Structure formats: C-alpha cells, structure tokens
Amino acid sequence: MRHLRLCILASILLTSCGSDEKSYPVRTYPMGERVQLGHIVYVVFETQWLTHIGEGTDARIPQNRYFLVRMSAVNSGGGDIYVPAFSVEDDNGHSYPELSDGSGVPQYIGYLRQVKPAESAQGNALFDAPPRRYKLKITDEDGERTAYIDIPLSFGAETPDIVSPEKKQ
C-alpha cells in the first residue's frame, strides 16, 4: 500500500512539473503593439465595420455586421509556418470565429495562411459579429501559446472640425 501511495505521489509531481514547463501567461496587448507568440509576430493596425460586402444582387449580408481587422503576421522562424485562424471575444465571453470566405473583402488576409521565413501575411481578417469592444484571440504556430489584442469599439476615424478661412473672426 505504501508503494502505491509513493507511485501516485511521484506521478502527480511529475505531471505537475511537466505542465509547468509549457505554461505561458496569457496576456492582453493594446491594438497597435507588436506581439510575438512562438515564431509569429502579430500587429493589429485598424478595424472597420461593414453592413454588407459587394453591391446589388451580389451583396453579401452578415447575420450581425462584418468586422474587418487589418493586421499582419510575420514569420520570424527558420521554416514555413501556418498562421492559425483567429476569433474575437467580447466582455461577456461570446466568441465569434474568423470567416473562411473572404470573397469581396478588400485586402483579404486569407484563411489558410502559409508564411515563409521573414515574410508575412497581411490584410483584413473577417468576422461576423455584433458591434462591440472585442479582444482578438491569437495563438502561436503550434496552438500552445495564446494572447489577446484589445480592440476598442470604433466606427471610423475621428475627423477634426476644420474651420474655413471665411468663418474666422
């Protein structure tokens, strides 16, 4: 019986030691900051909300709204890698996966993204989600490390009021 207890204790210790080696803190980064996970360096530049993609009878209409996230994913490793699919998560824990059909999306980043060393996948990732503040969930090439990029709710660039010369007093 004592031998059995020692074996169980040893297996628990070995299991916990093994999991500590792979533990990685999940951090949240602000939009625009460079984030390195494994051999992938991510940067999110801007976002855009669309009510449809395309025109006329060919227009694609989302269930919620189309959410475009313009970003880049650079391969900093020595071999080809695949950049994993993304998802966005809101403050209530609802998750919306990246859409695989980017037909009509300007500068579409693609869904299956194989990237050679020192090259990047750049463009817009596409989601169908209600307008909210989100966190983009990103992972390394092996899916072992995860991080989030905070994306505030924004419907476009702020345009400052321009005073014309005639109105100056």
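In this text, all values refer to a predicted model and were calculated from it rather than measured experimentally. Numbers here simply count residues along the sequence, with the first being 1.
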Check against side-chain contact (heavy atoms from CB on, under 4.5 Å), Y148 and E89: CA-CA 9 Å; Y148 292 91; E89 296 179 12; 3.4 Å; yes
Parallel, tilted or perpendicular: rings of W49 and Y134 (30°, 60°): tilted
Pairing residues for E141 by the salt bridge (charged side-chain N to carboxylate O under 4.0 Å, His left out) criterion, not counting sequence neighbours: none
Same apolar cluster (I L V M F W Y, side chains within < 4.5 Å links), F67/L50: no
Within one Ile-Leu-Val-Met-Phe-Trp-Tyr cluster: L136 and V105, side-chain cutoff 4.5 Å: no
Cluster link V44 to I109, ILVMFWY, side chain under 4.5 Å: yes
Polar contact flag, side-chain donor to acceptor under 3.5 angstrom, Q107-N124: no
Shortest non-hydrogen contact between Q122 and S72, atoms and distance: CG-CB, 3.6 Å
Worked verdict on M71 versus Y42 for side-chain contact (heavy atoms from CB on, under 4.5 Å): CA-CA 7 Å; M71 61 183 308; Y42 293 99; 3.8 Å; yes
Salt bridge (Lys or Arg N to Asp or Glu O under 4.0 Å) evaluation trace for R113 with E98: CA-CA 13 Å; R113 302 171 280 258; E98 178 182 10; 2.7 Å; yes
Transitive ILVMFWY cluster of V43, excluding itself - 4.5 Å side-chain cut-off: F45
Residues which pass salt bridge (charged side-chain N to carboxylate O under 4.0 Å, His left out) with D150, listed by chain and number, not counting sequence neighbours: R133
Any donor-acceptor pair under 3.5 Å from N92 side chain to H94 backbone: no
Between CD1 on residue I40 and CD1 on residue I81, distance to nearest 0.5 Å: 4.0 Å
ILVMFWY cluster, Y108 and F127 together (side-chain gap under 4.5 Å): no
Donor-acceptor contact present, side-chain D128 to main-chain Q63, <3.5 Å: yes
